[in-house]
Amino acid sequence: MVIPYKHEPFTNFGLEENQEQYNQGLAKVSSYLGEKYPLIIGGERIFTEEQIVSVNPSNHKEVIGSVSKASRELAEKAMQIADTTFNTWKKVKPEVRADILFRAAAIIRRRKHEFSALLTKEAGKPWNEADADTAEAIDFLEFYARQMLQLKDGIPVESRPGEYNRFNYIPLGVGVVISPWNFPFAIMAGTTVAAVVTGNTVLLKPASTTPVVAYKFLEVLEEAGLPAGVVNFVPGSGAEVGDYLVDHPRTRFISFTGSKEVGIRIYERAAKVNPGQIWLKRVIAEMGGKDTMVVDKEADLELAAKSIVSSAFGFSGQKCSACSRAVIHQDVYDQVLARAIELTNELTVGNPEDRTTYMGPVNDQAAFNKVMSYVQIGREEGRVVTGGEGDDSTGWFIKPTIVADVKEDARLMKEEIFGPVVAFCKAKDFDHALEIANNTEYGLTGAVISNNRANIEKAREDFHAGNLYFNRGCTGAIVGYQPFGGFNMSGTDSKAGGPDYLVLHMQGKTTSEML
Ligand code: NAD
């Protein structure tokens, strides 16, 4: 019997034994730095001349690994293998598919700190953030395996005397999975295994700055018994391989997580029916956010300041759920701002390999340049009251930055920055705060800090965000507890880690037999 799902606990790094295990993880990762990794197509390892070089964002000179880069020809080869493998994989029993996920979860649990340490090195994640990313990857495996076991016999429908009706789910076909760098383990693994456990085959194109962790995950799936050709590893340029696979007539669905711009491009291209294509492609797209925390005048102001600071600056603000706007009732604005500045000034920025570092670097030079340009915009649109400095000499470090007194329609209040910058904006009253919260094209996460029950209930109805939290920060959704996904330009609201997610990877088949 399968034990009920419970999310993976976070590691207590206050304990010396856990610190030691993490340091051993770092040592293990250091032992394979700079290795070369192939593509995996139908189980075959293929090395290419052209490589994607993954570097440590805390230290650009340190190469994490070089990963082979798929060309269109190799992407085509992978498509053909995935297409053929689908014919056998779809016949494998759901229980057998689920078992592979359970085994993969067990393998990762045994190597938990190695994986987290790899995230520290490859993605610049501080210990606790890396640990949460690994825990979430385990959760997706455990949760989707159980979900599949629940769905395997379909959903009961009515029958009449002399008639037997059934409603079952069957897989779709070949899925192209395109994942982002900011949850390079959890989202990459979660989107891949959701497609696999439902009986589809996958072409996985991980983000170009974090391909090594994806390769290591493929090894885990193989060790767990996944047959060759079910998941094919095809890192490559988004524009070249990404477009090719999205346009391909044999692509049945695309599971994308990333920016609004790329998501829209994929959605548009997938809508076009190309020669030889006999279906309408399905697109799961989880995109950006401009997430708001609202502070009411009747509220725990210490909780408000703490929640804003941790939601804005955890993992350098590089979460789609990160708080990038604090909208505060005018009566308490000065007090919350002053306390948030104090708390921010206590944060340490540096190499995340050091356990005491609160905030590591941003992802790469492009991210550094983009965030610094928004700091400049912030100087024009408001007051930079703390932070505002960056240093890209060894790694891409930016100080946690608060921009105060930003007007509700400023660029800083509308555009996703994806870095450690939060705008503070004053609201006349609670209704005005909700109006501001809803004034972007996004609708991913949000939070309200309030002790006023009527206002909480008003926000529950009117604050238009896919994940809305009360009296806590707006980051940190847990698989199976807070299904995650956003409204409007934040995507298709597919709710990863939720009860409806797997169904998006399948199609319903009705059979009716006269008895
Ligand atoms: P991105 O859009 O730049 O890249 C995402 C993936 O798309 C990468 O693998 C990239 O190589 C690929 N890609 C780029 N061009 C492509 C093309 N033409 N065709 C196919 N694939 C292409 O995003 P990113 O910088 O990796 O991630 C950050 C973004 O992701 C932020 O906007 C963030 O809000 C969003 N995000 C959303 C969620 C969510 O659940 N809603 C979760 C994490 C991140």
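- Between K414 and E441, no side-chain nitrogen of the basic residue sits less than 4.0 Å from a carboxylate oxygen of the acidic one, so the salt-bridge criterion is not met.
- Using a cut-off of 4.0 Å between Lys/Arg side-chain N and Asp/Glu carboxylate O, E416 and K370 are scored as not salt-bridged.
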E286/S494 under side-chain hydrogen bond (donor to acceptor under 3.5 Å, both in side chains): CA gap, chis, key distance, verdict: CA-CA 7 Å; E286 287 305 304; S494 17; 2.5 Å; yes
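- Using a distance-only test at 3.5 Å, with no hydrogens or angles considered, a donor-acceptor pair links the side chain of T401 to the main chain of G388.
- Looking at heavy atoms from C-beta onward, V295 lies out of side-chain contact with H329 at the 4.5 angstrom threshold.
- Between the CZ atom in F424 and the OH atom in Y333 there is a gap of 7.0 Å [rounded to 0.5 Å].
- In K399, the NZ atom is not crowded: 12 or fewer heavy atoms of neighbouring residues, nucleotides or ligands sit closer than 6.0 Å.
- Proximity of a side-chain donor or acceptor of N200 to a complementary backbone N or O of A195 within less than 3.5 Å is detected.
- When atom types are taken as modelled, the side chain of K495 and the backbone of G485 share a donor-acceptor pair closer than 3.5 angstrom.
- Without hydrogens or angle criteria, R472 side chain to T475 main chain gives a donor-acceptor distance under 3.5 Å.
- In terms of modelled atom types and a separation under 3.5 Å, the side chain of E136 and the main chain of V479 share no donor-acceptor contact.
- L118 pairs in a side-chain contact (heavy atoms from CB on, under 4.5 Å) with only one of the listed residues (K216, R111, H113, K125), which is K216.
- Between the side chain of E114 and the main chain of G25, no donor-acceptor pair closer than 3.5 Å is present.
- The ring of Y358 has its center no closer than 6.0 angstrom to the ring center of F313.
- Distance alone, capped at 3.5 Å, places no donor-acceptor pair between the W181 side chain and the S208 backbone.
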Y374 and F418: CA distance, side-chain angles, deciding distance, side-chain contact (heavy atoms from CB on, under 4.5 Å) verdict: CA-CA 10 Å; Y374 274 102; F418 222 58; over 6 Å; no
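- In this structure, F185 CZ and S179 OG are separated by 12.0 Å, a value rounded to the nearest 0.5 Å.
- Comment: E415 does not engage K290 in a salt bridge, judged by the lack of any side-chain N to carboxylate O separation of less than 4.0 angstrom.
- Ion pairing of K121 with E62 is present here, as a side-chain N (NZ or NE/NH1/NH2) and a carboxylate O approach within less than 4.0 Å.
- Within the 3.5 Å criterion, the main-chain N or O of E8 finds a donor-acceptor partner in the side chain of D139.
- Formation of a donor-acceptor pair under 3.5 Å by the D392 side chain with backbone atoms of Q365 is not found in this model.
- With hydrogens and angles ignored, the 3.5 Å screen pairs no side-chain donor or acceptor of Q147 with any backbone N or O of F143.
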